[in-house]
Amino acid sequence: MTEGTTSAAAEGVDTLTRLEQEGEIAADYLEGLLDIADLDGDIDMDVEADRAAVSIISDAGGRDLQKLVGREGEVLEALQELTRLAVHRETGDRSRLMLDIAGYRAQKRAELSELGAKAAAEVKSTGEPVKMKPMTPFERKVVHDAVKSAGLRSESEGEEPQRFVVVLPA
């Protein structure tokens, strides 16, 4: 192995270790939150796409956890930011951690992937760009990924909170 390969492998291990640490800090923070709110839930940690991913799941169907999702995921977004701040406070580094509660984000990701694929199919058939409704950064990222996998390109336009995706012909 060359020196460059060794340092790249070590850097990958360091990144994984750092992301696992972020997940541990986030899990501790969220467990405290669940205790305060007197809600039952299990914490699941993973590393996905160079991000720490933390999920709160429930065996009881997650009805209580829906309170932590809120309308259109608004509470989930706020909790994700608070959790990122808790990680930042402990590590000093900005976190890109993704939080999912009761499978909300996983379900939303599937719906958005389908929406992006449909928009891409429409652009392929008409040759005209398609402007989508305003979305959160998470939602736009999922749509961009779906459009890219369909072989087209897309851009985000507008200003928050009215930023939206435009799917463009190839």
Side-chain angles (χ1 to χ4, degrees), residues 8-120 132-150 154 156 160-165:
E11 186 176 304
V13 170
D14 289 345
T15 300
L16 181 60
T17 302
R18 181 182 53 78
L19 293 174
E20 288 172 345
Q21 178 190 19
E22 281 186 22
E24 292 288 337
I25 294 166
D28 290 344
Y29 176 78
L30 292 166
E31 283 176 2
L33 179 80
L34 290 173
D35 287 344
I36 291 167
D38 195 29
L39 295 171
D40 290 326
D42 296 320
I43 309 288
D44 184 34
M45 296 176 296
D46 201 0
V47 174
E48 298 172 359
D50 293 331
R51 290 179 175 212
V54 179
S55 300
I56 302 175
I57 53 177
S58 173
D59 294 334
R63 288 187 69 109
D64 284 345
L65 292 181
Q66 290 304 316
K67 298 172 188 172
L68 298 178
V69 173
R71 191 189 70 195
E72 297 292 317
E74 290 173 338
V75 176
L76 171 59
E77 290 290 333
L79 288 172
Q80 178 174 276
E81 286 307 309
L82 289 171
T83 305
R84 286 176 174 177
L85 287 171
V87 170
H88 180 21
R89 186 184 67 222
E90 291 289 321
T91 65
D93 294 326
R94 181 178 175 275
S95 174
R96 294 177 51 233
L97 174 130
M98 289 297 293
L99 175 62
D100 191 6
I101 299 175
Y104 175 82
R105 247 190 236 285
Q107 179 182 345
K108 191 76 168 171
R109 181 177 282 121
E111 291 169 5
L112 290 165
S113 291
E114 186 177 326
L115 185 66
K118 284 181 181 177
M132 304 182 83
K133 67 178 181 58
M135 298 179 185
T136 67
F138 161 75
E139 293 169 335
R140 290 193 310 268
K141 170 76 168 103
V142 173
V143 171
H144 285 305
D145 290 347
V147 169
K148 183 178 180 181
S149 70
S154 57
S156 290
E160 293 293 349
Q162 297 299 313
R163 202 154 165 79
F164 60 93
V165 174

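Below, all heavy atoms of this structure are taken into account, side chains as well, without hydrogens, waters or symmetry copies.
Lys141 meets the side chain to side chain donor-acceptor pair (under 3.5 Å) test with Asp145; sequence neighbours excluded. Residues satisfying the side chain to side chain donor-acceptor pair (under 3.5 Å) test with Ser95, not counting sequence neighbours, are Glu22. Qualifying side-chain contact (heavy atoms from CB on, under 4.5 Å) partners for Ala119, counting only residues two or more places apart in sequence or in other chains: Val130, Met132, Val167. Every residue was checked against the side chain to side chain donor-acceptor pair (under 3.5 Å) condition with Glu72, not counting sequence neighbours, and none meets it. The side-chain contact (heavy atoms from CB on, under 4.5 Å) test applied to Thr83 returns Ala26, Tyr29, Leu30, Leu97, Leu99, not counting sequence neighbours. Residues satisfying the salt bridge (charged side-chain N to carboxylate O under 4.0 Å, His left out) criterion with Glu74, sequence neighbours excluded, are Arg71. Judged as a salt bridge (charged side-chain N to carboxylate O under 4.0 Å, His left out), and not counting sequence neighbours, Arg94 has no contacts. For Arg140, the salt bridge (charged side-chain N to carboxylate O under 4.0 Å, His left out) criterion is met by Glu160, not counting sequence neighbours. For the side chain to side chain donor-acceptor pair (under 3.5 Å) test, residues two or more places apart in sequence or in another chain that qualify with Arg84 are Glu81. In this view, Arg96 satisfies the salt bridge (charged side-chain N to carboxylate O under 4.0 Å, His left out) rule with no residue, not counting sequence neighbours.
The shortest distance between side-chain heavy atoms of Glu20 and Met45 does not fall below 4.5 Å. Using a 4.5 Å heavy-atom threshold, the side chains of Leu34 and Leu68 count as touching. For the pair Val165/His144, a side-chain contact is recorded, criterion being any heavy-atom separation below 4.5 Å from C-beta on.
In plain terms, the two heavy atoms of Phe138 and Met98 that are nearest each other are CD1-CE, 3.3 Å. When all heavy atoms of Leu33 and Leu79 are compared, the closest pair comes out as CD2-CD2, 3.6 Å. Considering all non-hydrogen atoms of both residues, Ala86 and Ile25 come closest at O-CG2, 4.0 Å. Considering every non-hydrogen atom in both Pro161 and Pro134, the closest pair reads O-CB, 3.9 Å. Residues Ala117 and Ala146 approach most closely at N-CB, 4.1 Å, considering heavy atoms.
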Per-pair distances, 0.1 Å, donor-acceptor, side chain in residues 35-43, under 3.5 Å, sequence neighbours excluded:
none

Can I get a per-line list of side-chain donor-acceptor pairs under 3.5 Å for residues 107-116, giving both atom names and the distance, sequence neighbours left out?
residue	atom	partner	partner atom	Å
Gln107	NE2	Glu111	OE2	3.2
Ser113	OG	Arg109	O	3.0
Glu114	OE2	Lys118	NZ	3.3

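Here CD1 of Ile101 is found 4.5 Å from CG of Leu76. Values are rounded to the nearest 0.5 Å. Atom OG1 of Thr91 is separated from atom CD of Gln21 by 6.5 Å, given to the nearest 0.5 angstrom.
The pair Arg105-Glu139 does not count as a salt bridge, with every side-chain nitrogen at least 4.0 angstrom from each carboxylate oxygen.
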